Amino acid sequence: MVMTGPWLLYGANGYTGELVARLAAAQGHRPILAGRRAGEVCALAEELRLERRLFALDDPRRIDDALGGMSLVLHCAGPFSRTSRPMADACLRTRTHYLDITGEVGVFEALAARDGEGRAARVMLLPGCGFDVVPSDCLAVHLKGRLPGARRLALAYAGFSRVSRGTATTAIEGLGRGGLVRRGGVLTPVPSAWKSRRIDFGDGPRRAITVPLGDLSSAWHSTGIPDIEIYFGAPPGLRALAVAARYLGPLLGSAAVRRFLVARVRAGAPGPSEQERRRGRAFVWGEVEDDAGRRAASRLALPEGYTFTERAALAVVEHVLSGQAPAGFQTPARAFGPDFVLGIEGVTRTDL
Ligand SMILES: NC(=O)c1ccc[n+]([C@@H]2O[C@H](COP(=O)([O-])OP(=O)(O)OC[C@H]3O[C@@H](n4cnc5c(N)ncnc54)[C@H](OP(=O)(O)O)[C@@H]3O)[C@@H](O)[C@H]2O)c1
């Protein structure tokens, strides 16, 4: 189904923004490409024969002007801890639906707190339209359906090929803050890599450690399950580093160390190559448990993370353009149901 509604893709010159722009154009969409870097945004817009709008996020009037006539914004410029607020403000003022691809807990929480504003303006606020959190959110709601009385939820990721510069930069922002879990419905600080467990993602058990990903917010809002832990199937070197971060917290959080790490990241490749994306696979596993000890577990097999993100973000755009845009704060599964993920090419779900 080809949609023609006017929509804006902000951060189109970033690694992920460009992937989405190319896929959108290939599928017959006509997004308006936007960003603050004239040369890169214009070159891409020209190549894809799309319109473009150039603006930074530090002048509210310019953002409002740029959103004029748009039905939605797909915001791909991160770290979202810095970019989400000005765009969401503008979306609420101009009555434009707000979608982003964040995986940052703080951003989900900030947008959830604006649910009332979104409803009043009849604007949808939907963060997390990428690899984190579309599959995990859908899996969480699916599991809740299998065990409605669930009180505990564990979700786990595995199979990253390589992360993009933007993902690495966003991760560096969070260094030194330690870990997080949800306990009794409340986000609760814990040490970095606080727990570890062996999880079978489909190719035999792997050791996974707790990480503070956006699902701690989205899964809570989608399921109401009060105790949530998110795991990441990490190789031994990364696990050791995560444990070491407990003791290096103040050092890792210092501005000088962050600047050094960001410079190293900026000197590297923008993200996985096309070949790496084509070859890569990713997995999300989930388990729920109720107070009687009953359990249910399910697993998703997915395309590589950035390939999944471009497909999922575009699928969300299509749903919103077709009128499925409930007002206020939403999660992917709350807005479109737990089977939304199964409509994305390359995804399969197994109940274990
Ligand atoms: N949840 C998920 O599954 C998922 C998947 C993919 C990406 N992401 C997130 O998406 C974000 C982008 O990732 P990426 O790989 O595309 O990164 P990238 O290649 O570094 O691109 C970042 C983009 O954001 C823009 N940007 C950054 N800070 C900005 C600011 N203050 N104002 C305006 N524009 C700003 C950049 O513009 P300039 O070139 O002008 O700096 C660029 O267009 C990251 O936060 C990443 O973690 C999440």
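Counting starts at 1 for both ligands and their atoms, in listed order. Given the structure is predicted, the values throughout are model-derived calculations rather than measurements.
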message: Pair Leu19, Arg22 - check side-chain contact (heavy atoms from CB on, under 4.5 Å), show working.
response: CA-CA 5 Å; Leu19 288 181; Arg22 289 186 183 282; 5.9 Å; no
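The aromatic rings of Tyr10 and Phe55 sit tilted, their planes meeting at an angle between 30° and 60°.
Heavy-atom neighbours of Arg122 CZ from other residues, nucleotides or ligands within 6.0 Å: at or below the threshold of 12.
The protein residues lying under 4.0 angstrom from ligand 1, judged by non-hydrogen atoms, are Tyr10, Gly11, Asn13, Gly14, Tyr15, Thr16, Arg36, Arg37, Leu57, Cys76, Ala77, Gly78, Pro79, Phe80, Thr83, Ile101, Thr102, Gly103, Gly130, Phe131, Asp132, Ser164, Gly166, Thr167, Thr170, Arg266, Tyr306, Thr309.
Taking SG of Cys42 as the reference point, atom CG of Leu50 lies at 12.0 Å (rounded to 0.5 Å).
Judged by distance alone, the side chains of Thr350 and Arg299 never bring a donor and an acceptor atom under 3.5 Å apart.
Ser298 is linked by a side-chain contact (heavy atoms from CB on, under 4.5 Å) to Leu139, His142, Leu143, Arg146, Asp351, counting only residues two or more places apart in sequence or in another chain.
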